[in-house]
Amino acid sequence: MKYNFNDIERKWKAYWNENKTYQIADTSDKPKFYVLDMFPYPSGAGLHVGHPLGYIATDIYARYKQMQGHHVLHPMGFDAFGLPAEQYAIETGQHPAVTTEKNIARYKEQLNNIGFNYDWDRAIQTSDPNYYKWTQWIFTKLFHSWYNPASKKAEPISTLIALLEREGNASIAKDGMDIFSAQDWAAYDEKTRRDVLMQYRLAYLDNAEVWWCEALNTVLANDEVVNGVSERGGHPVEKRKMSQWFLRITDYADRLIEGLDSLDWSEAMKEMQRNWIGRSEGAAVRFKVQESEREIEVFTTRPDTIFGVDFMVLAPELDYVSEIASQDQKEEVEKYIQYVKSRSERERMAEKKISGCFTGAYAIHPFSGKAIPIWISEYVLAGYGTGAIMAVPAGDDRDFAFAQHFNIPITNIFGDRFTGEAAYSDKQGTIENSDFISGMSITQAAQAVIAALKDKNIGTSRVNYRLRDAGFSRQRYWGEPFPIVYKNDIPYTIDEDALELNSADRELPVLLPHVDSYGPGPEGQGPLANIESFVHIQNSKGETLRRETNTMPGYAGSSWYFLRYMSPKEDKAFVNEEACKYWQQVDLYVGGTEHAVGHLLYARFWTKVLFDLGYLSFDEPFKKLLNQGMIQGSSRFVYRIAGTTNQFVSAGLRHQYETHPLHVDVSLVDGLVLDTARFKQWRADYAQAQFILEDGKYICGAETEKMSKSKYNVVNPDDIVREYGSDTFRMYEMFLGPIEMSKPWDTKGIEGVHRFLKKLWRLFYDEQSGQYLVVDEAPTAEELRALHKSIKKISEDMERFSFNTSVAQFMILTNELTELNCHKKAILTDMIKLICPFAPHIAEELWQQMGHEGSVIKADYPKFEEKYIVESEKNYPVAINGKHRTNISFPLTAEAADIEPVVLANEVVQKWLDGKAHKKIIFVKGRMINVIV
RNA sequence: GCGGGUGUGGUGAAAUUGGUAGACACGCUAGACUUAGGAUCUAGUGCCGCGAGGCAUGGGGGUUCGAGUCCCUCCACCCGCACCA
């Protein structure tokens, strides 16, 4: 009887399905464990072998935890809304709802093929109205909340209104906001009041600069723009001022940084988030402009260098630049602004050349009264700080380069440490040549300057962030509609009384209407703006109101999906209270690093808001985060001789010719040897291909690259499963190496793991005779030792997510039992339990063959017992002066008898030394005895 | 430039607290059984050397009886951010 994995796997997949083996209750008396994968976006390309890596790891860990006695939630779902789905729909001429359904069905099929323990009844899909109803609901909560800086948390907007009614906005006014009193507030009309509130709401409408992508016809969030082009498709982007929804994530900047300390995430990941938030402490200083009412505020992290200010630089985009420019410089300034505008974001990033223009205006130094020339330059960014800097060329590399380029004299405030050759940017030593702070250390000087600024009321200490508020509007179709209706151009959520909507229209969800075309609406609006029946809505008074026509971005649905899994069918709330209290945080979250600053930051932000508002009892969503590495493709190349159309030379001989390497489909290559006959059939162009062989073979070149269709290196898990079975596939993915590391896929290596499963099978069956070998006899000490050694090792490995070494240990155990010719039921029963999380199909089959009741999946994990692995005698390596010489044996009863190991070791070694002189005997950590002579 | 990470055989990699480096596999080399093998099994396989032995964890230095592991320094590669004031 052979190991017929196809039959076995089909049988057990059907069994699990019928018996709903993986169905799981919302709550339980058992301790909980929540394991989560980053849910996939179902693309048209389907899964390749790299995708399931993390899913296999979580599946194994979830099964392991469940066998350890936990109630485990390990759900799966689909991130179905978003830009790529719509682009794909446009390309293929189908409705995104249709393509999304199709892709999801395909994904489910592929995932089921691998044998995961998902309870598909709990699956969620962000584009499902029953789901996005609650995404819209959370949006309304964000809209009706504000961040109270006093309590440092989100509160209902009603507490803000109460505050404004009581005392006006003096205590909470934001930068550039007019101060008003309680009386003023009382006198304001509805529109003015709502405008004020809008400046506090966590979801707010603002006319602000955003990234606009012409090709995609929509705005993008900062994290969706990478290296000056759109993340999706790599299209150019530009800054544009538009009326847009934003989420006020910047209010949470500090809490998002502080929260990281409590999380078990990799340092790299935390660092990425910290950098993205980009907190920096310094001072804000206001400079007066000569012969003008204008004041320019700058942000600096080095207030101690204030006496080294030789010029100021403004971002060219600032609107007051032309206002302050002197008459004779106006033309130059305009020319420079035009030049900057003409440069795309990409060009700016690619070539960082020094450019700038003097405005003709001067600022007045706040302490020395010195006139400071004001320049504009593109190296100062409008979006960071105040868009204006005080330039200290003696202490800053960029300022130094700028001063050199434009021949601006440099003031030395660092004594000998500033050579005049380069800026002195080290933060060491004292400040010199600086009036009242001369001779002070940097920190002293900074404090003294800030105190002086406060005294003169021209500045203060300031914390600045790189993080911007998150753009939340997309001018696209395939996303959640906003639950927003405008009345007199004031936005309201649909449940607000002021709209006087009919009761049916006040209910969530606001359904996404069906459209036939995804063309843009008028004036940069989305496709929804073209649908008359959607845009206009009649209220109970017969007034015609206007709906918001933008949709929410892709990250809206993924910012809270982990909560929905807890009670996916709940229809009274976004999450069932009981279930949420039970499941709490995600204990283990597995996914790639690409979501470091997008999804993971937004999800943390939403969780904190929901926590503040009292809907959750935890304020961090993901306790432990594990970043799986990428499985790369191993590409193969053939070398076409230059100037020919179909002459190919084998890799070893290619240097004798001038060649062009061409990707060749990996399925046509065995290792490095090309199947030349199939290559000729691969494409019509190659039908007449001629080969220059070496040793009668055509050897291909190889390179590790990202797995992608265009590189012909994609391996489909379905093919692997068909050929080797999903148990082999699962184990091999784990065996490949540590889960966090990126590594290339190598189909050849899978044989080793497959051989192991066949070997395991042979512990149960003689393949030739078909005889069942398992016997019900008492195991020997040696067999028990082999088993328990493995239980110990594998359990320890599981706890530290070292799946590759676990698989190795299975192989060792199988080899040992084969060598011992052990077919004892007691041993094999525990062994099968150990293997079950990794290879559930074969485990179920063998479990049944042994005559056990029920499913091995529901069995208890084997308990490790120390007594079985204590050896009667143990070999200890002995070293003289650290040099290993020999092994000596002595009884291990020491541990049982509570004798100090050192004493025992001394005794044994003394005997072994036979009276030879020695200085010291060291017994190290129970592993080695070292004799110093 | 800043931040994070990684360097171990031909390859993927083990070595959890410093204690016999290279487990477990792939590949390769022999051999067995076979009409055949891309099936299965057995043996070998870090490097140099006939050998005893010597050398080996990116390079150099240090701490230690003992270092892949700890410290310093240099180098290479990968990832993230990047004119961030």
Side-chain angles (χ1 to χ4, degrees), chain A residues 2 226-227 266-276 278-280 282 298-302 305 313 315 348-349 352-354 377-381 383-392 395-399 401-402 425 464-466 593-594 596-597 627 629-630 634 670-671 673 702 732 735-738 740-753 755-756 758-759 762 767-768 793 796-797 799-800 802 804-812 814-815 875-887 919-933:
Chain A
K2 283 183 77 172
V226 179
N227 294 328
S266 72
E267 209 37 57
M269 210 62 174
K270 290 186 184 181
E271 221 25 59
M272 262 190 253
Q273 292 217 335
R274 285 191 199 107
N275 288 344
W276 186 258
R279 183 183 204 273
S280 52
V298 302
F299 171 72
T300 177
T301 54
R302 295 289 302 273
T305 62
V313 188
R348 254 177 99 152
M349 292 174 97
K352 289 169 187 169
K353 52 180 179 183
I354 300 170
S377 171
E378 58 181 335
Y379 89 85
V380 173
L381 308 173
Y384 184 76
T386 60
I389 64 162
M390 55 177 231
V392 182
D396 182 281
D397 293 329
R398 291 152 306 166
D399 297 347
F402 193 85
S425 52
N464 195 52
Y465 301 93
R466 205 188 76 109
T593 47
E594 67 272 20
V597 292
N627 295 117
M630 260 210 290
S634 186
D670 178 27
V673 181
Y732 183 54
F735 186 62
L736 231 37
E740 308 93 321
M741 238 180 256
S742 288
K743 55 242 154 185
W745 175 265
D746 171 22
T747 302
K748 280 228 141 173
I750 203 168
E751 295 284 355
V753 176
R755 242 169 247 154
F756 148 70
K758 285 199 255 188
K759 234 177 187 175
R762 288 200 294 270
E767 284 194 324
Q768 312 259 274
K793 172 90 173 105
E796 283 168 0
D797 288 346
E799 293 304 333
R800 60 192 178 103
S802 178
N804 57 329
T805 51
S806 295
V807 176
Q809 190 59 38
F810 290 135
M811 294 182 181
I812 293 168
T814 307
N815 289 343
N875 269 335
Y876 277 80
V878 177
I880 295 178
N881 289 344
K883 276 240 147 96
H884 175 241
R885 284 295 148 83
T886 188
N887 294 318
K919 284 186 197 146
K920 203 161 83 172
I921 297 170
I922 308 168
F923 184 89
V924 192
K925 309 228 171 179
R927 290 296 304 273
M928 168 160 311
I929 296 151
N930 201 353
V931 182
I932 315 300
V933 296

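What you see below is based on every heavy atom in this structure, not just the backbone, and it leaves out hydrogens, waters and symmetry mates.
Contact annotation: A/R466 side-chain N/O to B/C2 OP1/OP2 distance is not under 4.0 Å. A sub-4.0 Å separation between OP1 or OP2 of B/C26 and a side-chain N or O of A/R755 is present. Residue A/R762 has a polar side-chain atom (N or O) positioned under 4.0 Å from OP1 or OP2 of B/C41.
Of the candidates B/C83, B/C41, B/C81, B/C41 carries the atom nearest the A/K759 side chain, counting heavy atoms from C-beta on. Counting only heavy atoms from C-beta on, A/V380 has its side chain closest to B/A85 among B/G12, B/C83, B/A85. When distances are taken from the side chain of A/M811 to each of B/A85, B/A39, B/A25, the shortest belongs to B/A25. Comparing atom distances between the A/A268 side chain and each of B/A13, B/A85, B/G4 picks out B/G4 as nearest. The side chain of A/I812 lies closest to B/A23 when the candidates are B/A23, B/A13, B/G80. Closest to the side chain of A/T805, from the set B/A15, B/U16, B/C26, is B/A15. The nucleotide whose nearest atom lies closest to any side-chain atom of A/T300 is, among B/C83, B/A14, B/A85, B/A85. With B/U16, B/G3, B/A85 as the candidates, the nucleotide lying closest to the side chain of A/R800 is B/U16. Side-chain proximity of A/M741 to B/A23, B/C83, B/A13: nearest is B/A13.
Rounded to whole Å, the C1' atom of B/U17 lies 14 Å from the corresponding atom of B/A67. Here, B/C26 and B/C41 have their P atoms 10 Å apart, quoted to the whole Å.
Across all strands shown, B/A36 has no partner, as no Watson-Crick or G-U wobble contact with both distances under 3.5 Å is found. Within the shown strands, B/A25 is the pairing partner of B/U11 under the Watson-Crick or G-U definition, both distances less than 3.5 Å. The nucleotide B/C47 finds its pairing partner in B/G54, both defining distances of the Watson-Crick or G-U wobble pair being shorter than 3.5 Å. Pairing for B/U42 is with B/A30, a Watson-Crick or G-U wobble pair whose two hydrogen-bonding atom distances lie under 3.5 Å. For B/C77, the paired base is B/G5 (Watson-Crick or G-U wobble, both distances below 3.5 Å).
The residue A/V753 sits apart from the nucleic acid: no heavy atom pair falls under 4.0 Å. The residue A/E271 sits close only to the backbone: its heavy atoms come under 4.0 Å of sugar-phosphate atoms, none of a base. Contacts of A/F810 with the nucleic acid, taken as non-hydrogen atoms under 4.0 Å apart, are absent. No engagement by A/P744 is indicated, since no non-hydrogen atom pair under 4.0 Å with the nucleic acid exists. Counting non-hydrogen atoms under 4.0 angstrom, A/N804 reaches the backbone sugars and phosphates but no base. A/N815 comes within 4.0 angstrom of the backbone, heavy atoms only, and of no base. At a threshold of 4.0 angstrom between heavy atoms, the contacts of A/R279 with the nucleic acid are absent. Counting non-hydrogen atoms under 4.0 angstrom, A/K758 reaches the backbone sugars and phosphates but no base.
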Next on the checklist: Please determine whether salt bridge (charged side-chain N to carboxylate O under 4.0 Å, His left out) holds for the pair A/E271 and A/R274, giving the CA-CA distance in whole Å, both sets of side-chain angles, and the decisive distance to 0.1 Å.
Outcome noted: CA-CA 5 Å; A/E271 221 25 59; A/R274 285 191 199 107; 2.8 Å; yes

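To the nearest angstrom, P of B/C81 lies 12 Å from CD of A/E594. Look at CD on A/E751: it is 16 Å from C1' on B/C28, rounded to the nearest Å. Straight-line distance from the CG atom of A/N275 to the P atom of B/C81: 9 Å, rounded to whole Å. Separating the NZ atom of A/K743 from the P atom of B/G12 is a distance of 12 Å, rounded to the nearest angstrom.
Side-chain contact between A/L381 and A/Y379: absent, with no pair of heavy atoms (C-beta onward) separated by less than 4.5 Å. No side-chain heavy atom of A/D396 sits under 4.5 Å from any side-chain heavy atom of A/F402. Looking at A/R800 and A/T805, their side chains come closer than 4.5 Å, going by heavy atoms from C-beta outward.
Classification of the A/F756-A/F810 ring pair by plane angle, with boundaries at 30° and 60°, yields parallel.
Mapping A/S742 and A/K793 onto RNA chain B by nearest heavy atom places A/S742 at the nucleotide closer to the 5' end.
Side-chain polar atoms of A/Y732 and A/D746 form no donor-acceptor pair below 3.5 angstrom.
Judged by distance alone, the side chain of A/N464 and the main-chain N or O of A/S280 form no donor-acceptor pair under 3.5 Å.
Within 90° of 0 lies the glycosidic angle of B/G9, which makes this nucleotide syn.
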